[in-house]
Amino acid sequence: MTVRVAVTGATGRMGEEVLAAASDRDDVEVAFAVSRSAGDEVEGVAVAAAADLPDLLATHEPDVLVDFTGPASCVEYAAACAEAGVAFVSGTTGLSEGGFDALRDAADEVPVLYASNFSRGIAALRRAVREAVPALDGYDIELTETHHNAKRDAPSGTALTLLDDIDEARGDSPRVHGREGEAPRSAGEIGVHARRAGDIAGEHEVLLAGNHESLSLTHRAGSRGVFAAGALDAAAWLSGRDAGWYDFTEVLE
């Protein structure tokens, strides 16, 4: 069955990747695309203004909307989908607790799938981290993430997800963001470092060190197309499901 998707942020980095990935798939058809303002075609798809989203949802009746935008617009688009009865997939990062609450409110009306990262490799990294941390009890942990120079939120959403995985495995730990001057390491803390440079799609490393040894778990994304493909996998999987909150691991499993 072909799933009809709407794409927000169509002229942004990830919106363009989603439209490009959709054009190569037989199981996905783009119903329409929007951006902050109407613009030129992207991958042969006309780009409408985001202000027209409610009308476009009613007119084109997509199965799923795929969103990679900003925190405020993500919440706005989720509410519009809840009103229109359209499933919602988002990889937008930088959401506040209130933002997540708004997405969960939308999940009362339609299926919502949120992921800070739609890479299968990151899913494998998370599993590895959840196994390694309790196995190396007492080891120091440092997390470093690197992204392109236009990324706004830091640490990345994926880094925050990995930190939550670490906390789940060994209990909540204080997080130290960078170090400067006299800054000796405290027992149990997690060092967190964010780097921004060039056009790097995404790199995440979890370093565990102790007992005269170290273990480095690293994932590098060579292209944003990895995330776009995963988001469309999620959209195809989510279409037709009951209202509720879903996780990308369910798609993979």
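- For the atom pair CD of E250 and CH2 of W245, the computed distance is 11.5 Å after rounding to the nearest 0.5 Å.
- The neighbour count for E189 CD, taken as heavy atoms of other residues, nucleotides or ligands under 6.0 Å away, is above 12.
- Contact check on D140 versus R185 returns a salt bridge, with a Lys/Arg side-chain nitrogen under 4.0 Å from an Asp/Glu carboxylate oxygen.
- A salt bridge links D167 with R175; the closest basic N to acidic carboxylate O contact falls under 4.0 Å.
- Screening residues 28-67 for ring pair (Phe, Tyr, Trp, His ring centres under 6.0 Å), with sequence neighbours left out, gives F32-H60.
- Using a 3.5 Å distance cut-off with no hydrogens or angles, the side chains of S156 and H204 do pair a donor with an acceptor.
- Side chains of S116 and T161: a donor on one and an acceptor on the other come within 3.5 Å.
- Annotation: side chain of I141 is in contact with side chain of V206 (closest heavy-atom distance under 4.5 Å).
- Residues passing the salt bridge (charged side-chain N to carboxylate O under 4.0 Å, His left out) test with R126, sequence neighbours excluded: D165.
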Start with the C-alpha gap between F88 and Y77, add the side-chain angles, then the distance that decides, and say whether ring-ring contact (aromatic ring centres under 6.0 Å, His included) holds. CA-CA 9 Å; F88 186 74; Y77 301 155; 7.8 Å; no
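- In this structure Y139 satisfies the ring pair (Phe, Tyr, Trp, His ring centres under 6.0 Å) test with no other residue, sequence neighbours excluded.
- No hydrogens or angles considered: a donor-acceptor pair under 3.5 Å links the side chains of H193 and E142.
- The number of heavy-atom neighbours closer than 6.0 Å to CZ of R36, taken from other residues, nucleotides and ligands shown, is 12 or below.
- Side chains of E205 and S216: a donor on one and an acceptor on the other come within 3.5 Å.
- Ionic pairing of R196 and E145 is present here: one or more N-O contacts between side-chain nitrogen and carboxylate oxygen are shorter than 4.0 angstrom.
- In terms of heavy atoms, A115 sits closest to F248 at CB-CB, 3.9 Å.
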Criterion salt bridge (Lys or Arg N to Asp or Glu O under 4.0 Å) on R25 and D233, from CA distance to verdict: CA-CA 10 Å; R25 297 177 63 136; D233 288 342; 2.9 Å; yes
